[in-house]
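First the proteins, then the strands, lettered A, B, ... as listed; each starts at 1.
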Number of protein chains: 2
Amino acid sequence: MAANTQKKTRDADATRARILAAAKKEFAKSGLGGARVDEIADRAKANKRMIYHYFGNKEDLFRIVLEEAYTDIREAEQKLELEHLPAREALEKLIRFTWDYYLKNPEFITLVNSENLHKARHLKKSEKIDELFRRFVGMVGGLLERGVQEGVFRPGIDPVQLNITIAAIGYYYLTNRFTGSIVFKRDLMAPEALDERLAFNIETIMRLVCINP
Amino acid sequence: MAANTQKKTRDADATRARILAAAKKEFAKSGLGGARVDEIADRAKANKRMIYHYFGNKEDLFRIVLEEAYTDIREAEQKLELEHLPAREALEKLIRFTWDYYLKNPEFITLVNSENLHKARHLKKSEKIDELFRRFVGMVGGLLERGVQEGVFRPGIDPVQLNITIAAIGYYYLTNRFTGSIVFKRDLMAPEALDERLAFNIETIMRLVCINP
DNA sequence: CAAAGAAGTAACCAGTTAGTGCGTTAAGTG
DNA sequence: CACTTAACGCACTAACTGGTTACTTCTTTG
């Protein structure tokens, strides 16, 4: 039997994976400082000792969770294959993707927030991240150039600024949805509200980038 | 003597104020969960008992710090007196103000992030907030209407969406400056980078709102 | 000036938390 | 089957943390 599919009483990989999933939830819910190692162990139905066995300590566990989160979103982005679409459509697809991803993976936002509260000290130690983002920035840069050649995008737009802006208008809305709903006396998470926001975001970026928006 | 200005060995108001200032710093630095009451007491050069005497408990202290932070930014906004400017200039002034305020008061962003991590449960209990924001949303709504009448703004823009977007493009850049600087291999906090970002933000909003951007 | 009340302090407590020492049990291997 | 290796679990601890008790000192006021 090449791959063992039957449930084993002992399975290092499965335990490791359960711990990682539990850690992601707990860190996302409470932040690095607020997360409890015992809680992670309980959620993972693993013994706390195993966490230290596989991951060393709480901080290293957090770093690995974070690396995985970044890897996941970039992998999903790769699958969009924006190169095969006209620039304008590709840009809109990227905006929609970013929004949908944040919406379906709320832990991502909370993890990044937590990492920034700690001045990115875990990401600094990471070696996997560099490579990951080189490709990403390159992709958006290429998209912008292609749009200019097609005669639909304005020239001279900085891909980094555009990237940040596309992320910002979705990220901020979602990360601040709780205070926002109180402050603006509106349920920002109602389905219509979400649709409305996505439409507004597409309009914002299209007007910024396109010659004829 | 009506107002006592000389330094007293005992001064309830001064101690209260020192505790609040220290709490704001500590909460901003470490979040609600990571903040330490002992650390707040040390920073404030007050005895820990005083914190409980004046503020009840850690959560209430956080709520009051948060209320104060919101009050401060709204008060600063009021002083802009945007009503006395042409709509277009008023809008640009609002964008600049928002950016500058976040830049000069980084605790504000961190406090709001922390509150959202806790699903805004402190803000929900607050009674002072409602009034504060009614006026603010009204102001931006009025600005938009005025711009339409002046023939410079597009009609039909939702003031809440615009508000959120103006905040988002500054807030996201600054709150994620640590991971951003690594990911984009650029010092996002260099003076030129900050100027560049502000200019980009103004362009983004002007293209979104104005008829002739 | 004496009494009362408020400001301020030190020491402490009970519960919690990240991290470990050490023994047990299952899975692979010859 | 015996033996080694690695997964797993219990029970512990040293340090920490929010909150409190019991007390002292200063300021105000009748």
Side-chain angles (χ1 to χ4, degrees), chain A residues 1-27 29-66 114 117-118 121-122, chain B residues 1-27 29-66 114 117-118 121-122:
Chain A
M1 208 185 301
N4 193 345
T5 52
Q6 72 193 35
K7 199 194 171 186
K8 286 188 284 185
T9 48
R10 297 198 162 188
D11 187 332
D13 288 346
T15 304
R16 226 190 97 101
R18 284 204 317 282
I19 291 173
L20 263 180
K24 184 188 268 184
K25 272 191 193 174
E26 173 71 2
F27 283 133
K29 189 187 154 208
S30 308
L32 172 60
R36 298 293 160 238
V37 178
D38 285 291
E39 180 64 27
I40 294 172
D42 283 355
R43 266 187 210 263
K45 277 166 193 157
N47 191 281
K48 182 164 60 153
R49 197 70 189 75
M50 291 294 96
I51 293 176
Y52 291 92
H53 183 239
Y54 289 125
F55 299 100
N57 58 39
K58 191 184 177 184
E59 300 260 324
D60 281 345
L61 177 57
F62 182 82
R63 198 199 72 237
I64 292 164
V65 165
L66 191 72
S114 195
L117 183 64
H118 295 90
R121 68 162 192 261
H122 306 90
Chain B
M1 210 187 296
N4 192 345
T5 51
Q6 72 194 36
K7 200 195 172 188
K8 285 187 285 184
T9 48
R10 298 197 162 189
D11 187 332
D13 288 346
T15 303
R16 225 190 99 101
R18 283 205 318 281
I19 291 173
L20 263 181
K24 184 188 268 185
K25 273 193 192 171
E26 173 71 1
F27 283 133
K29 189 187 156 207
S30 308
L32 172 59
R36 298 294 161 236
V37 178
D38 285 290
E39 180 63 29
I40 294 172
D42 283 355
R43 267 187 209 264
K45 277 167 192 156
N47 190 280
K48 183 164 61 151
R49 194 66 189 79
M50 291 293 97
I51 294 176
Y52 291 92
H53 183 240
Y54 289 124
F55 299 99
N57 58 39
K58 191 185 178 184
E59 300 260 323
D60 281 345
L61 176 58
F62 182 81
R63 198 199 72 238
I64 292 165
V65 165
L66 192 71
S114 196
L117 183 64
H118 293 90
R121 69 164 192 262
H122 307 90

Estimated bend of the helix from C/dC1-D/dG30 to C/dG30-D/dC1 (axis per five terminal pairs, rounded to 10 degrees):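 Taking the rotation axis at each end, their angle is 10°.
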Heavy-atom distance under 4.5 Å between the side chains of B/Leu32 and B/Leu117, does that happen here?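 No, their side chains stay 4.5 Å or more apart.
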Using a 4.5 Å cut-off on heavy atoms from C-beta on, say whether the side chain of A/Met50 contacts that of A/Arg16.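 They are not in side-chain contact.
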Output the rounded distance in Å from [atom1] ([X]) to [atom2] ([N]).
| X | N | atom1 | atom2 | answer |
| --- | --- | --- | --- | --- |
| A/Lys58 | D/dC16 | NZ | C1' | 13 Å |
| A/His53 | D/dA6 | NE2 | C1' | 7 Å |
| B/Tyr52 | D/dA22 | OH | P | 18 Å |

Non-neighbouring partners of B/Phe62 that pass ring pair (Phe, Tyr, Trp, His ring centres under 6.0 Å), sequence neighbours left out: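 For B/Phe62 the ring pair (Phe, Tyr, Trp, His ring centres under 6.0 Å) partners, ignoring immediate neighbours, are B/Phe27, B/His122.
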Of the residues in residues 15-26 of chain A, which ones touch DNA chain D at a heavy-atom distance under 4.0 Å?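 By residue number: A/Thr15.
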Under 4.0 Å from any atom of DNA chain C, heavy atoms only: list the residues of residues 31-49 of chain B that qualify, in numerical order.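 Heavy-atom contacts with DNA chain C come from B/Asn47, B/Arg49.
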Identify whether the distance between the nearest side-chain nitrogen and carboxylate oxygen of [X] and [Y] falls below 4.0 Å.
| X | Y | result |
| --- | --- | --- |
| B/Arg43 | B/Glu26 | yes |
| A/Asp60 | A/Arg63 | yes |
| B/Glu39 | B/Lys29 | no |

Closest non-hydrogen atom pair between B/Lys58 and B/Ala35, with its separation: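 For B/Lys58 versus B/Ala35, the nearest heavy atoms are NZ-O, 2.9 Å.
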Please determine which of A/Thr15, A/Ile40, A/Ile64 meets the side-chain contact (heavy atoms from CB on, under 4.5 Å) test together with A/Leu20.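 Looking at A/Thr15, A/Ile40, A/Ile64, the match for A/Leu20 under the side-chain contact (heavy atoms from CB on, under 4.5 Å) is A/Ile64.
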Side chain to side chain contact (heavy atoms under 4.5 Å, CB included) with B/Ala21: which residues, sequence neighbours excluded?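 B/Ala21 satisfies side chain to side chain contact (heavy atoms under 4.5 Å, CB included) with no other residue.
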Indicate, with a heavy-atom threshold strictly under 4.0 Å, whether A/Tyr54 touches base, sugar-phosphate, or nothing.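 Answer is sugar-phosphate: A/Tyr54 comes under 4.0 Å of backbone atoms only.
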Under the salt bridge (charged side-chain N to carboxylate O under 4.0 Å, His left out) rule, collect the residues that match up with A/Asp42, sequence neighbours excluded.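 Testing A/Asp42 for salt bridge (charged side-chain N to carboxylate O under 4.0 Å, His left out), a comparison that skips the adjacent residues, returns none.
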